[in-house]
Amino acid sequence: MPKTGRSKLAKHSHKGDRTTVTPPPTTKTPITVAYGDGIGPEIMDATLRIITEAGAQLDLERIEIGESVYNRGLSNGIEPASWDSLRRTKVFLKAPITTPQGGGFKSLNVTVRKTLGMYANVRPCASLHPYVATKHPNMDIVIVRENEEDVYGGIEHRQTNQVAQCLKLISRPGSKRIIRYAFEYARVNKRKKVTCFTKDNIMKITDGLFHRTFEEIALEYPEIAHEHWIVDIGAAKLADTPEAFDVIVMPNLYGDVLSDVAAQITGSVGLAGSANIGDHCSMFEAIHGSAPRRAGQNLANPSGLLHGALLMLVHIGQGDAAERAHNAWLKTIEDGVHTYDIFKAGVSREKVGTREFADAVIARLGQRPQSLKPAEYAANAHLNLAIRPAGKPPMKVRVGVDIFIDRRDGNPDQIAALMQQFGVRGAKLTVISNRGTKVWPNGNPDTYWSDHWSCRFEGDGELFTSAHVVRLLEAAERAGFDVIKTEGLYTFNGERGYSLAQGE
Ligand code: NAD
C-alpha cells in the first residue's frame with residue numbers, strides 16, 4: 001500500500017533521514033502465526049524480529065500447519081483446533097508450506113481462503129530499480145484478485161471417455177464485492193486508475209457478468225479512471241509495459257496467473273507479499289513457496305513474508321510500525337545488503353544470510369531510503385465490505401433444457417432423428433453441439449465429433465416445466481441414450497442466460 005498521501009495514522013516527524021515515531025499502541029493485537037515448512041521458520045523468525053523491533057504490538061498464537069499435519073493424515077494440512085485460533089484472532093500470518101506430492105491432499109491455502117470467506121487477494125508489485133535488476137524500472141501496481149469463485153470451486157467431472165469438464169462459476173455478489181474492494185482500495189491509497197481484465201468476448205455470460213458489474217460500480221467512483229482490457233492483450237501489455245497500469249482487478253484464474261507474472265517482472269517473486277482479505281478473517285503471506293532446497297541454510301530472503309506482514313500491520317491499524325519497517329527495508333535494499341537471490345555483483349555490496357539481512361533492516365529502523373520512493377501508509381486501509389443486499393431479483397423463466405449425452409461413434413443426423421421421435425409435447429429439438437460447436441442442423445462436415453454431445457430442447461410457445469425435462473429424460477432412456485447431465489435454459493427479465501453454440 002505504498003504510493004499514498006500522508007497517512008493520518010503516521011505521526012512521524014523527519015529529521016534528516018531519522019524518524020521520530022509516536023509511542024506504539026499499548027494493547028497488543030492477537031494474531032495467529034504458522035511457521036510453515038522448508039524456509040518458513042527462518043523467514044518467519046526474521047520477519048517477526050523486524051516488525052517487533054519496528055514497534056508492532058502483537059500477541060502471537062502459534063499453530064502448526066503443512067507437511068507434518070498432512071503426514072498425520074489430515075488431508076487439508078490443518079488441525080481442527082487451529083480453526084478456533086483463526087476465528088478468535090481473525091488475523092493469520094502464514095509462512096509457506098510444502099504440499100506433499102501425490103493424490104488426496106487438498107491445498108491448505110484454498111481451504112483456509114474458502115472456509116473463512118477471504119474474498120480478496122491483494123498483491124502490490126513495485127520494482128526497486130536500480131537496486132534489484134528489472135526491465136521495468138517504473139512499475140508500481142496492485143493486483144486485486146477475486147479469491148473464491150471462477151474455476152477454483154474445483155467442481156470437475158469426467159463425463160465421457162474423451163471429455164472432462166471444470167465448472168466456472170462467477171456470481172454477481174462475488175463480482176460486486178471484489179470490484180468494489182478494488183475501487184475502495186484505490187480511493188484509500190490515492191491510486192488513480194482501476195483496470196479490469198476479462199475474456200468476455202468468449203465467455204459472454206460469466207466474464208460478461210464480471211465486466212458489466214465493473215462498468216456499473218466504476219460509475220460510483222468518478223474521481224478514479226477505469227478501463228477494461230481483454231485478458232490476453234492485457235496480459236501482454238502488463239508483461240511489456242506494466243507502468244501503464246495502477247490497480248488491476250481480475251477474476252480468480254487470470255489473477256492467479258498474472259499476479260505471479262507481475263511479481264516476477266519486478267525482479268523477483270521472492271520479494272512480494274500478499275493479503276487475503278475476508279469479512280471475518282484475513283491471511284497474510286509471501287507469494288513464494290517453501291523452497292525446500294534452501295531450507296535450514298540461513299540463505300532465504302525474508303522480504304516476501306515481511307511484505308505480507310506489512311500488509312497485516314496496516315490491516316490491524318499498526319500502519320506506523322509498517323511504515324517504519326518498510327522504510328528500513330527499502331534503505332537496506334538501497335545500501336546493497338542483499339540475500340543471494342537478488343545479489344548482483346556491481347550493484348549489491350554485501351551478500352548476507354536470512355538472519356544478517358534481518359539484522360541489517362533492524363539496524364536501519366528509523367531511516368528512510370534516499371532514492372527509492374519512501375513508503376507511506378494510508379490510515380484505515382482495512383477494507384471489509386459486507387455484501388450489500390441485492391435489489392429485486394429478476395424474473396427467471398425456464399425456456400428449455402440441454403441434455404448432454406455420451407455417445408461413441410455418434411452421428412448428429414442419427415441422434416437428431418432418434419430425438420425427434422421423443423414425442424414430448426411442447427419440447428422441440430433445436431440444436432445439437434459437440435464441445436460447444438453446432439453440428440446439427442446444417443453442421444460442417446469438417447468438425448471433429450467427440451463422444452460428448454449437447455442436445456438442446458426448447459419450448460414451442462407454452463411454459464417449459466420440469467415435467468418436460470422428466471419426460472425427455474424418460475424418452476432418452478427408452479431410446480438407449482447415455483445421459484450425462486442436464487442444464488436448464490433460463491431467461492432473466494427476458495435476457496438469455498445461456499450461450500449459443502459456435503456457429504448457431
Ligand atoms: P518455491 O517458491 O518454493 O521456489 C521457487 C524458486 O524460488 C526456488 O528456486 C527457490 O529456491 C526460490 N525461492 C523461493 N522463495 C525464496 C526465498 N524467500 N529466498 C530465496 N529463494 C527463494 O516454489 P516450488 O519450488 O515450486 O515449491 C516448493 C514447495 O512450496 C511445494 O511443496 C509447493 O507446493 C509449495 N508452495 C507453497 C506455497 C504457499 O504455502 N503459499 C506457495 C507456492 C508453493
Side-chain angles (χ1 to χ4, degrees), residues 32-48 50 63-71 75-78 82 92-114 116 118 121-123 128 132-133 145 147 152 255-257 259-276 282-312 329 332-333 337-344 348 351-358 360-361:
T32 302
V33 176
Y35 281 64
D37 300 317
I39 59 171
E42 296 161 77
I43 60 173
M44 182 59 86
D45 267 340
T47 296
L48 289 174
I50 294 169
I63 62 166
E64 194 189 352
I65 54 165
E67 215 173 5
S68 53
V69 182
Y70 282 117
N71 290 341
S75 69
N76 54 18
I78 179 165
S82 299
F92 186 18
L93 181 62
K94 174 187 157 291
I97 61 157
T98 303
T99 313
Q101 298 286 314
F105 298 108
K106 297 248 184 238
S107 157
L108 172 81
N109 269 17
V110 177
T111 304
V112 172
R113 280 178 200 157
K114 293 199 70 169
L116 297 176
M118 297 174 184
N121 181 273
V122 183
R123 187 178 292 186
L128 297 158
V132 176
R145 161 190 168 197
N147 226 4
Y152 287 70
D256 190 359
V257 175
S259 57
D260 269 18
V261 172
Q264 178 70 49
I265 64 175
T266 62
S268 167
V269 269
L271 297 173
S274 83
N276 296 278
S282 298
M283 174 168 77
F284 303 85
E285 59 184 340
I287 69 163
H288 59 72
S290 60
R293 283 189 306 124
R294 308 287 180 196
Q297 299 161 61
N298 190 36
L299 279 174
N301 187 346
S303 300
L305 186 59
L306 177 64
H307 277 102
L310 299 180
L311 293 167
M312 175 192 78
W329 177 82
T332 310
I333 296 291
V337 182
H338 294 168
T339 43
Y340 83 93
D341 55 313
I342 55 170
F343 185 89
K344 195 165 178 217
S348 310
K351 192 190 276 186
V352 290
T354 315
R355 277 192 297 276
E356 295 71 28
F357 182 81
V361 176

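Each ligand, and each atom within it, is numbered from 1 in the order the structure gives.
- Of all atoms in ligand 1, listed by their number and element, those nearer than 4.0 Å to a heavy atom of E285 are 41 (N).
- Residue contacts with ligand 1 include S290, since one of its heavy atoms falls under 4.0 Å from the ligand.
- At least one N or O atom of G289, backbone or side chain, sits closer than 3.5 Å to an N or O atom of ligand 1.
- Looking at ligand 1, you won't find any N or O of A286 less than 3.5 Å from one of its N or O atoms.
- No side-chain N or O of Q264 forms a donor-acceptor pair with one of S268 less than 3.5 Å apart.
- In summary, the atoms of ligand 1 found under 4.0 Å from a heavy atom of N109, numbered by their order in the structure, are 41 (N).
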I would like to know whether I333 and F357 meet side-chain contact (heavy atoms from CB on, under 4.5 Å); could you show each step before the answer?
CA-CA 10 Å; I333 296 291; F357 182 81; 4.1 Å; yes

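- For I43, the heavy-atom gap to ligand 1 stays at 4.0 angstrom or more.
- Under a 4.0 Å heavy-atom criterion, G304 is not in contact with ligand 1.
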From CA spacing to verdict: side-chain contact (heavy atoms from CB on, under 4.5 Å), I63, F92
CA-CA 10 Å; I63 62 166; F92 186 18; 3.9 Å; yes

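- Considering backbone and side-chain N/O of T99, one or more are found under 3.5 Å from N/O of ligand 1.
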side-chain contact (heavy atoms from CB on, under 4.5 Å), that's the test. Do E67 and I97 meet it? Break it down for me.
CA-CA 7 Å; E67 215 173 5; I97 61 157; over 6 Å; no

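- Not a single donor-acceptor pair under 3.5 Å links the side chain of R113 to the backbone N or O of M118.
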